[in-house]
Amino acid sequence: MSLDAKIPAGPLAEKWSKHKFNLKLVNPANKRKYDVIVVGTGLAGASAAASLAELGYNVKAFCFQDSPRRAHSIAAQGGINAAKNYRNDGDSVYRLFYDTIKGGDYRAREGNVYRLAEVSVNIIDQCVAQGVPFAREYGGLLDNRSFGGAQVSRTFYARGQTGQQLLLGAYSALNRQINAGKVKMYTRTEMLDVVIVDGKAQGIVTRNLKDGKIETHSGHAVLLCTGGYGNVFYLSTNAMGCNVTAAWRAHKRGAFFGNPCYTQIHPTCIPVTGDHQSKLTLMSESLRNDGRVWAPKTVELAQKLRKGELKVTDLKEEDRDYFLERKYPSFGNLVPRDVASRNAKEIVDEGRGVGGSGVAVYLDFAESISRLGEDAVRAKYGNLFDMYYQITDENPYEVPMRIYPAVHYTMGGLWVDYNLMTTVQGLYALGEANFSDHGANRLGASALMQGLADGYFVIPYTIGDYLATIGPKPVDTKHPAFEQTKKEVEERINKLLSLKGNKTVDEYHRELGLIMWEYCGMARSEEGLKKAKGLIHNLRADFWKNAIVLGENEEFNSSLEKAGRVADFLELGELMVDDALMRHESCGGHFRLESQTEEGEAKRDDENFAFVAAWEYKADNQPEVLHKEELVFENVHLTQRSYK
Ligand SMILES: Cc1cc2nc3c(=O)[nH]c(=O)nc-3n(C[C@H](O)[C@H](O)[C@H](O)COP(=O)(O)OP(=O)(O)OC[C@H]3O[C@@H](n4cnc5c(N)ncnc54)[C@H](O)[C@@H]3O)c2cc1C
């Protein structure tokens with residue numbers, strides 16, 4: 001099968017407008033004849049479901065939480081980018097486009113990224129109209145701050161709770177449509193498979209998480225807005241429930257998986273403290289606007305700090321190494337995440353790490369507190385400081401925070417074309433669930449932008465083209481594919497419930513996470529990846545022999561839920577390793593030790609790897625087939641990324 005990304009021809013700035021004009025329309029009276037399934041009601045799904053219902057389609061929306069308000073999107077802290085240029089500091093749609101392409105280390109599509117930058121300005125207006133309380137300056141105008149990889153201030157925010165406020169906005173829009181009868185909301189319902197009829201996605205199979213009831217639902221199209229898969233690493237900043245199941249099951253039904261190995265490791269997280277942890281906490285990138293990252297200049301000083309022989313506040317200024325400011329004077333503490341993370345790792349590898357474990361560096365606010373005053377700092381970041389204090393029992397107004405990189409976001413996901421359609425007709429992927437716009441490294445505050453762009457401004461146009469083509473004929477739920485898929489889901493559940501070994505699913509998950517972090521995390525090598533491949537393969541085989549899954553299907557059963565998700569993570573882990581092994585270059589967050597510049601930065605190989613890797617599933621235990629979508633750059637010149 002050849003991949004057609006369907007990127008419109010013509011000048012970059014006109015592609016989206018022309019494309020919208022060329023897309024087929026569904027007339028208003030016909031829209032009510034179509035049913036659309038939206039799986040996931042985080043920012044991408046809630047915005048899509050609300051917008052499609054507002055247009056007149058009948059929407060069935062699903063989430064596994066007890067309310068759309070609990071989607072992982074609610075955790076987003078720092079902000080959302082938009083090229084509004086309110087600061088008059090040189091921003092523009094083109095600059096946001098350029099920063100994003102460069103930030104992603106030239107591994108994203110120009111056409112998609114330009115569209116994202118273009119619609120970013122509408123997102124802010126949409127959210128303000130919904131009442132999202134973005135931070136404002138004294139005069140009442142919307143305030144902005146800076147995020148990594150940019151030299152302008154274009155990040156809109158609501159204190160450290162931007163995701164929560166945006167989600168409340170999208171949730172209100174969704175609720176309006178639920179109330180109007182245009183959206184039927186299924187909470188506590190997990191999608192376990194896609195139903196494909198004659199090559200088209202026409203339904204899903206779900207399990208009611210309260211009573212185990214397995215059901216089929218039909219629709220003219222299916223949208224997966226099911227988030228990212230960072231929890232394959234076990235420890236991550238993601239919500240505990242985040243998983244890959246919906247995307248993975250769709251993958252096994254024919255949707256190609258794009259760039260699975262591209263993972264974002266965020267530099268500013270609260271360091272791991274021991275085996276007892278099942279979750280890590282992010283300290284938002286926004287903190288790098290005012291916090292300065294540093295480590296002691298020598299190993300000896302670091303040892304003294306670790307042993308408690310020296311207090312951090314007593315360390316002299318000349319003994320501190322503000323390593324990001326030193327190495328990257330132009331961007332300083334606001335270098336992109338991949339760069340900041342690798343530098344923190346280097347410091348720790350040199351033995352200059354701090355904290356009890358020695359696996360941390362400092363994020364220090366002393367200078368900004370003395371410059372701006374404690375109240376001003378509290379007003380901007382108060383909730384983040386409180387969170388840090390509650391978790392570490394250290395007061396960040398008095399001593400520097402300790403931070404270390406942790407898994408945060410997955411740039412990989414289901415491959416989609418310009419219309420957000422996967423390789424399965426009628427099956428779409430939006431938000432973090434798709435691979436689309438961030439290349440090999442996402443810039444901070446761009447995930448919320450992309451999720452809302454997909455949901456509010458892209459899918460409402462592109463889905464019409466497909467629906468108009470297939471026509472409003474009702475979906476035939478008597479088609480044997482519905483019954484067959486349901487049967488396969490039930491068989492899998494029974495297989496999981498038959499596991500009566502002696503190792504918990506959590507133990508497998510933790511082991512998988514350690515392998516992924518060690519060999520497919522911040523640094524990757526051929527030798528390590530090959531080792532990981534064998535380890536995961538054996539772990540997966542062991543899971544199906546020795547795992548224990550408690551309880552029954554016909555009840556609330558978190559053991560069964562987890563088992564299904566971890567089984568999928570085990571398969572995904574192998575594909576991530578295959579992808580990382582195949583990509584014999586470094587780019588963005590994918591850092592192959594064999595491919596670095598003399599200064600230790602990621603060294604791309606544009607001649608051989610300027611492509612999107614799209615993997616096709618064939619059958620269980622068979623190697624997946626690699627398809628390459630060549631990336632064409634007509635507007636930006638590919639260079640070694642520099643933030644110096
Ligand atoms: C701590 C933290 C802070 C962040 N801060 C920022 C920030 O400041 N700015 C920024 O741009 N980005 C930020 N991000 C990233 C951003 O929050 C996410 O990328 C984004 O919210 C993902 O939105 P989504 O709608 O794609 O998915 P999610 O919000 O994860 O929603 C997924 C939805 O899918 C549903 N679902 C999943 N699987 C199934 C299934 N099988 N069946 C039924 N339903 C299913 C869930 O119930 C949920 O409703 C942050 C991430 C983290 C972890």
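All values below come from the heavy atoms of this structure, side chains included, with hydrogens, waters and symmetry mates left out. Numbering of ligands and ligand atoms starts at 1, following listing order. What you see is a predicted model, and the numbers here were worked out from it, not measured in a lab.
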Do Arg145 and Tyr157 form a cation-pi contact, if we require the NZ or CZ to be under 6.0 Å from the six-membered ring centre and within 45 degrees of the ring's axis? yes
Does any N or O of ligand 1 fall below 3.5 Å from an N or O anywhere on Ala76, backbone included? no
May I ask you to check if ligand 1 and Ala433 share an N or O to N or O distance below 3.5 Å? no
Gly431, any N or O under 3.5 Å of ligand 1 N or O: no
Looking only at distances, can you tell me whether any N or O atom of Thr237, backbone or side chain, sits closer than 3.5 Å to an N or O atom of ligand 1? no
Pair Glu488 + Lys252: basic N to acidic O under 4.0 Å: no
Any nitrogen or oxygen of Leu282, side chain or backbone, less than 3.5 Å from one on ligand 1? no
Ligand 1 contacted by Gly163 (non-hydrogen, < 4.0 Å): no
To check your reading of the model: name the closest protein heavy atom to atom 11 (O) of ligand 1, its residue, and the distance in Å. Leu448 N, 2.8 Å
Does Ile80 approach ligand 1 within less than 4.0 angstrom via side chain, backbone, both or neither, non-hydrogen atoms only? neither
Carboxylate-amine/guanidinium proximity below 4.0 Å for Arg342 and Asp338: yes
Whether Arg87 and Asp91 form a salt bridge (side-chain N of Lys/Arg under 4.0 Å from carboxylate O of Asp/Glu) is what I want to check. no
Both conditions, 6.0 Å and 45 degrees, for the charged tip of Lys102 above the ring of Tyr643: are they met here? yes
If you measure every N/O of Phe64 against every N/O of ligand 1, is any gap under 3.5 Å? yes
Could you check whether Asp99 pairs with Arg154 (Lys NZ or Arg NE/NH1/NH2 to Asp/Glu carboxylate O, under 4.0 Å)? yes
Would you say Gly444 has any N or O atom under 3.5 Å from an N or O of ligand 1, going by distance alone? no
Heteroatom distance test (Thr245, ligand 1): nitrogen or oxygen, under 3.5 angstrom: no
Check this for me - ligand 1, Ala44, N or O atoms closer than 3.5 angstrom, yes or no? yes
The option among Gly451, Cys225, Ala429 carrying the non-hydrogen atom nearest to atom 32 (C) of ligand 1 is Cys225
Glu561, portion touching ligand 1 at heavy-atom distance under 4.0 Å: neither
Should the pair Lys486 and Phe482 be classed as cation-pi, given the thresholds of under 6.0 Å to the six-membered ring centre and 45° from the axis? no
Please state which option from Arg207, Gln77, His408 has its nearest heavy atom closest to atom 50 (C) of ligand 1. His408
Ligand 1 versus Ser284, non-hydrogen atoms closer than 4.0 Å: side chain, backbone, both, neither? neither
Out of curiosity, is Gly228 lining ligand 1, as in a heavy atom under 4.0 Å away? no
Is any N or O atom of Gly45, backbone or side chain, closer than 3.5 Å to an N or O atom of ligand 1? no
For Tyr409, is the NZ or CZ atom of Arg337 found under 6.0 angstrom from the centre of its six-membered ring and inside 45 degrees of the ring axis? no
